[in-house]
4 protein chains.
Amino acid sequence: MGRPRSEEARRAVLDAAYAILVETGLGRFSTEAVASRSGVARTTIYRWWPTRGLLAIESFLDAFRAQLVYAETGDPLTDFRALLDSLVRVLSGPAGLVAASVMAEAQSDPETRRVFLEVFSVPLRRESARLLGRGIEGGVLRADLDLAVVLDAAVGAVYMRLLLGQPLDADWSNRLADTVLRGCLPGPDR
Amino acid sequence: MGRPRSEEARRAVLDAAYAILVETGLGRFSTEAVASRSGVARTTIYRWWPTRGLLAIESFLDAFRAQLVYAETGDPLTDFRALLDSLVRVLSGPAGLVAASVMAEAQSDPETRRVFLEVFSVPLRRESARLLGRGIEGGVLRADLDLAVVLDAAVGAVYMRLLLGQPLDADWSNRLADTVLRGCLPGPDR
Amino acid sequence: MGRPRSEEARRAVLDAAYAILVETGLGRFSTEAVASRSGVARTTIYRWWPTRGLLAIESFLDAFRAQLVYAETGDPLTDFRALLDSLVRVLSGPAGLVAASVMAEAQSDPETRRVFLEVFSVPLRRESARLLGRGIEGGVLRADLDLAVVLDAAVGAVYMRLLLGQPLDADWSNRLADTVLRGCLPGPDR
Amino acid sequence: MGRPRSEEARRAVLDAAYAILVETGLGRFSTEAVASRSGVARTTIYRWWPTRGLLAIESFLDAFRAQLVYAETGDPLTDFRALLDSLVRVLSGPAGLVAASVMAEAQSDPETRRVFLEVFSVPLRRESARLLGRGIEGGVLRADLDLAVVLDAAVGAVYMRLLLGQPLDADWSNRLADTVLRGCLPGPDR
DNA sequence: TAATAAGCGAGACGGTACGTCTGGTCTTACC
DNA sequence: GGTAAGACCAGACGTACCGTCTCGCTTATTA
């Protein structure tokens with residue numbers, strides 16, 4: 001009952017949060033700043049986003065979702081490359097700063113880490129694993145592939161460059177895919 | 001001239017900073033807390049460590065240095081595995097939490113990022129690259145290896161698991177080395 | 001709109017400020033000390049009293065007001081003596097220390113001086129001048145009295161003894177009135 | 001034994017202290033500021049002037065002494081007027097700000113008050129009292145004069161205007177002398 | 001003429017208080 | 001019952017000075 005939640009306020013908060021993260025990073029990302037920028041009262045923000053981290057995550061996902069391409073050409077290797085490339089492309093833009101902010105926040109707030117894993121990291125891994133799995137089934141990838149570790153290496157490289165502030169671009173993304181996939185091809189142990 | 005810097009105070013500050021980062025992470029890592037725990041005056045801390053991040057880095061390096069093994073058996077691949085394993089072993093302990101804190105801090109303080117890169121990341125890469133380079137010279141690794149990307153993948157995987165709070169252990173470290181090195185061996189492009 | 005100001009907090013601050021000034025003088029009169037003694041947050045104090053001096057003045061006036069007697073017997077000379085006596089009596093007590101503190105503070109803060117003049121000094125002079133004016137009208141005081149200077153002499157003597165830490169008592173107050181008024185009586189220039 | 005005190009340092013400190021008090025008042029009068037302005041080490045200042053107040057007093061007296069005229073024309077009333085005028089003239093200049101600062105400091109430091117009384121206030125009163133005393137002896141002033149109170153009124157008026165930031169000039173000084181002396185002349189009690 | 005004792009500049013140290021910023025919580029009025 | 005406004009307590013921020021404490025260097029006196 002009572003007055004329904006204001007969608008207007010929700011949008012204003014998420015937009016302001018995203019903008020602040022993109023423009024100035026975590027440093028100036030305070031409830032105070034979001035409130036003043038969005039014109040929404042601080043109390044209202046606290047009501048719906050109990051912690052800074054959760055607000056950051058939501059504003060990130062909100063902007064990130066649907067930007068990631070889960071294309072399906074039939075060729076698992078091509079699809080995997082495309083997925084990696086898509087990830088890199090998105091993270092090289094403003095959303096990258098927001099993602100990095102969320103990971104930083106996660107270091108001091110376990111709840112933020114949990115939600116980040118759950119809503120972003122795990123689904124991404126699941127999809128990637130599915131593609132590689134189809135490669136195995138199709139015989140284009142080694143049957144004894146250590147899937148988890150391959151994904152750690154591929155995705156970890158992206159995260160690392162993001163967090164260290166090193167450039168992410170399509171060329172690098174291709175070289176990453178080359179390097180990772182080369183170890184996944186079938187063939188004799190040399 | 002003037003009164004010489006107190007080595008005692010320096011040690012107390014670094015120890016307290018390290019302990020706080022290990023025990024409670026960045027959340028409670030304030031100059032205030034370090035001062036009160038170390039018994040050193042807040043002004044003294046500011047005199048030597050102008051920002052939180054630099055204090056975190058120094059306390060991390062101080063504890064990290066010499067824990068990392070740069071062994072040299074003559075076999076570059078074995079040495080590379082040992083280095084990776086050593087990195088994982090150190091980061092799986094308390095120093096890992098401190099490293100993660102520093103990386104988080106680096107997201108909001110460019111100076112922290114710069115120093116972290118300079119004093120930790122770059123030297124580690126340099127050493128790793130040297131080992132792989134010797135493998136190429138010796139013919140046990142492909143001549144056309146994309147060294148930079150291989151290191152991104154190997155080290156990135158470690159960073160990622162660290163930051164996402166996922167376990168780092170010797171078994172995983174070995175599997176990571178297996179996976180990474182497999183793609184580096186010489187052989188026909190398949 | 002918004003939450004209304006807490007009268008409780010206001011009282012606690014003024015009382016604590018007054019008590020500190022009385023007990024230890026300006027030396028230990030810090031926002032910090034008032035906050036800790038009153039139990040009111042430092043930020044709340046800053047919200048309402050932007051400077052130390054204004055807080056001191058308000059706590060002084062708050063305690064001083066209504067202690068000063070503006071009696072009216074019909075005889076202006078008697079009333080003037082009573083006013084002077086009343087001033088001396090009040091300033092010889094705890095409020096005297098607070099008044100002295102405010103005057104000291106006024107030496108380094110023009111705003112404090114301005115407010116002190118406006119809310120304390122000027123009204124006191126106005127009332128005194130009114131009494132003496134009625135004496136002139138009634139013919140008991142010289143018509144060519146230099147009112148401003150007479151008040152400078154009468155009130156200045158009180159201020160001076162207060163600031164130099166010399167005793168203020170009824171006997172002295174009477175002698176002061178005698179001395180000042182003697183020069184104000186009508187009579188031939190001798 | 002040992003190295004003798006540096007007169008150069010002493011002068012530099014007193015000059016700097018005086019200049020600071022004149023230019024910015026007590027607000028910026030810190031040992032730090034005096035040290036940095038004078039080029040003398042902070043420790044050296046503390047060696048010779050244990051408290052702020054004593055430094056202020058010394059720098060004041062140093063500049064004030066000999067500015068005050070104790071002329072002696074033979075006519076005590078004229079001499080008294082001259083003394084008052086001289087006091088007003090000196091205090092209306094830069095030394096006035098310094099004197100006011102010292103009195104302010106005296107409110108939080110009893111030692112400062114004691115020394116101020118001893119080296120400035122008491123000698124001034126003594127000289128003034130001597131002049132008025134000669135007036136009584138000569139019969140130009142009432143024999144039953146309340147000397148202490150007359151001086152309180154005369155000097156107090158000057159102090160008060162100084163501390164309240166009100167102008168001190170020769171005209172006012174003459175009117176003050178007129179007003180005060182009028183009550184001191186012999187004649188019937190009216 | 002060397003030792004020595006005090007003065008001095010430099011600058012670190014443990015502290016206190018500053019005035020500001022932000023975090024969360026609360027209370028009130030309005031919608 | 002949601003929302004805006006804004007007060008409240010709490011506590012960290014980075015800075016300015018405080019008064020004390022080593023230091024190493026300088027300068028007279030005295031042995």
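In what follows, every heavy atom counts, from backbone to side chain, and hydrogens, waters and symmetry copies are set aside.
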Looking at [X] and [N], is any side-chain donor or acceptor paired with a base atom of the opposite kind under 3.5 Å?
{"X": "A/R42", "N": "E/dG24", "answer": "yes"}
{"X": "D/R3", "N": "E/dG7", "answer": "yes"}
{"X": "D/S30", "N": "F/dA16", "answer": "no"}
{"X": "B/T31", "N": "F/dG14", "answer": "no"}

| message | On the nucleotide E/dG7, are OP1 or OP2 found under 4.0 Å from the side-chain N or O atoms that D/S6 carries? | response | no
| said: Does E/dC13 have OP1 or OP2 under 4.0 Å away from a side-chain N or O of B/W48? | reply: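 So the side-chain polar atoms of B/W48 do come within 4.0 Å of the phosphate oxygens OP1 or OP2 of E/dC13, strictly under.
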State whether the side chain of [X] and the backbone N or O of [Y] hold a donor-acceptor pair below 3.5 Å, judged by distance alone.
{"X": "A/R28", "Y": "A/A33", "result": "no"}
{"X": "D/Q107", "Y": "C/G25", "result": "no"}
{"X": "C/R37", "Y": "C/D15", "result": "no"}
{"X": "A/R42", "Y": "A/T31", "result": "no"}

| message | Go nucleotide by nucleotide along DNA chain E from the 5' end; which of D/T43 and D/P4 gets its closest nucleotide reached first? | response |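 Counting from the 5' end, the first nearest nucleotide belongs to D/P4.
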| Along DNA chain E (nearest heavy atom to each residue), the more 5'-positioned of C/A33 and A/F29 |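 Per heavy-atom nearest nucleotide, the more 5' residue is C/A33.
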Between [atom2] of [N] and [atom1] of [X], the distance in whole Å:
{"X": "D/I45", "N": "F/dC21", "atom1": "CD1", "atom2": "C1'", "value": "17 Å"}
{"X": "B/R11", "N": "E/dC13", "atom1": "CZ", "atom2": "C1'", "value": "18 Å"}
{"X": "D/R28", "N": "F/dT15", "atom1": "CZ", "atom2": "P", "value": "16 Å"}
{"X": "D/E32", "N": "E/dA12", "atom1": "CD", "atom2": "C1'", "value": "13 Å"}
{"X": "C/Y46", "N": "E/dA17", "atom1": "OH", "atom2": "P", "value": "11 Å"}

| field | Residue mapping more 5' on DNA chain F - nearest nucleotide basis, A/E7 or C/R10 | value | A/E7
| Just one of D/Y18, D/Y46, D/F29 clears the side-chain contact (heavy atoms from CB on, under 4.5 Å) bar with D/L55, so which one? |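 Among D/Y18, D/Y46, D/F29, the one meeting side-chain contact (heavy atoms from CB on, under 4.5 Å) with D/L55 is D/F29.
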| Between F/dC21, F/dC9, E/dG19, which one does the side chain of C/A41 approach most closely? | F/dC9
